[in-house]
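Just below is one structure, and these are the notes that go with it.
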Amino acid sequence: VAAAMRPIEPALIPIEAYTSRDYAEQENRKLWGKVWQAACRVEELPKVGDYVTYDIGEESIIVIRTDADTINGYYNVCLHRGRRLMEGCGHTNQFYCRFHGWSFALDGSVRAVPDEKMFYALDKDNCGLRPVVLDEWNKKANASKYGMVPRTSEPILPSKKILKLEEDFIPRQLQRDYDKTFGHNRH
């Protein structure tokens with residue numbers, strides 16, 4: 001117990017973590033799709049139709065309250081032409097693609113397709129918005145791009161095992177600080 005009360009020495013994070021293009025590319029490719037992202041706070045979405053967009057690397061996600069007890073997440077892209085649907089945050093009763101005017105319901109299903117007959121063999125059931133995995137932890141809506149993240153109640157520290165980076169990218173002291181704080185030994 002006394003060890004848990006000692007102040008933790010600050011970790012020295014190398015400047016490359018903030019300035020290196022290679023480091024950022026490796027994080028995007030190897031890390032961000034495998035760890036939870038705090039996309040927004042739950043209280044940012046008090047009413048049905050309130051949404052925020054959240055970017056993970058080059059991907060964009062819409063996090064939206066779809067009913068009083070449900071928050072869902074979708075990739076922020078129309079599957080027809082790959083256009084972004086929403087920007088920033090706000091309130092909506094539908095998602096709308098400005099390319100051909102397709103609209104989507106809050107549950108991600110296709111709501112309307114103007115001139116639908118022009119889209120030969122259109123299968124609206126397979127053209128809806130693609131969901132992302134969302135979970136709530138500590139009053140935050142947390143998103144995972146690929147759905148490969150186990151649901152957990154503990155925070156996740158970026159791991160060298162995930163990144164497969166050289167030792168100096170994530171110093172040992174940072175891992176030791178995490179272990180001291182949360183009482184885990186992940187070595």
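Small disclaimer: the values here were computed from a predicted structure and weren't measured.
A donor-acceptor distance shorter than 3.5 angstrom exists from the side chain of T53 to the backbone of G88, with no hydrogens or angles considered. Under the 3.5 Å distance criterion, the side-chain polar atoms of R65 are matched with a main-chain donor or acceptor of L45. Between the side chain of N72 and the backbone N or O of I64 there is no donor-acceptor pair closer than 3.5 Å. Side-chain atoms of T70 do not come within 3.5 Å of backbone N or O of T66 as any donor-acceptor pair. For the pair D115 (side chain) and M118 (backbone), a donor-acceptor distance under 3.5 Å is absent. Judged by distance alone, the side chain of Y51 and the main-chain N or O of F95 form no donor-acceptor pair under 3.5 Å. Side-chain atoms of N126 never come within 3.5 Å of backbone atoms of D123 as a donor-acceptor pair (strictly under, hydrogens ignored). Not one N or O on the side chain of N76 forms a donor-acceptor pair closer than 3.5 Å with the backbone of R84. Counting only distance, with no hydrogens or angles, the side chain of Q26 and the backbone of Y23 share no donor-acceptor pair below 3.5 Å.
Listed here is the closest heavy atom pair of V113 and K124: CG2-CD, 4.1 Å. For the residue pair H100 and P114, the shortest heavy atom distance occurs at O-CG, 3.6 Å. Contact between S60 and D55 at its shortest, heavy atoms only, is OG-OD1, 2.9 Å. Residues H91 and D50 share a closest heavy-atom pair of ND1-OD1, 2.7 Å.
Side chains of E58 and N28 form no contact here, defined as non-hydrogen atoms less than 4.5 Å apart. The shortest distance between side-chain heavy atoms of V52 and I62 does not fall below 4.5 Å. Within the 4.5 Å cutoff, no side-chain heavy atoms of F104 are placed close to those of C127.
R98 pairs by the side-chain contact (heavy atoms from CB on, under 4.5 Å) definition with Y96, not counting sequence neighbours.
Side-chain contact annotation: D107 with S109, donor-acceptor N/O pair under 3.5 Å present.
The aromatic rings of H80 and W102 sit parallel, their planes meeting at an angle under 30°, below the 60° perpendicular limit.
For the atom pair CZ (R130) and CG (L79), the distance works out to 5.0 Å, reported to the nearest 0.5 Å.
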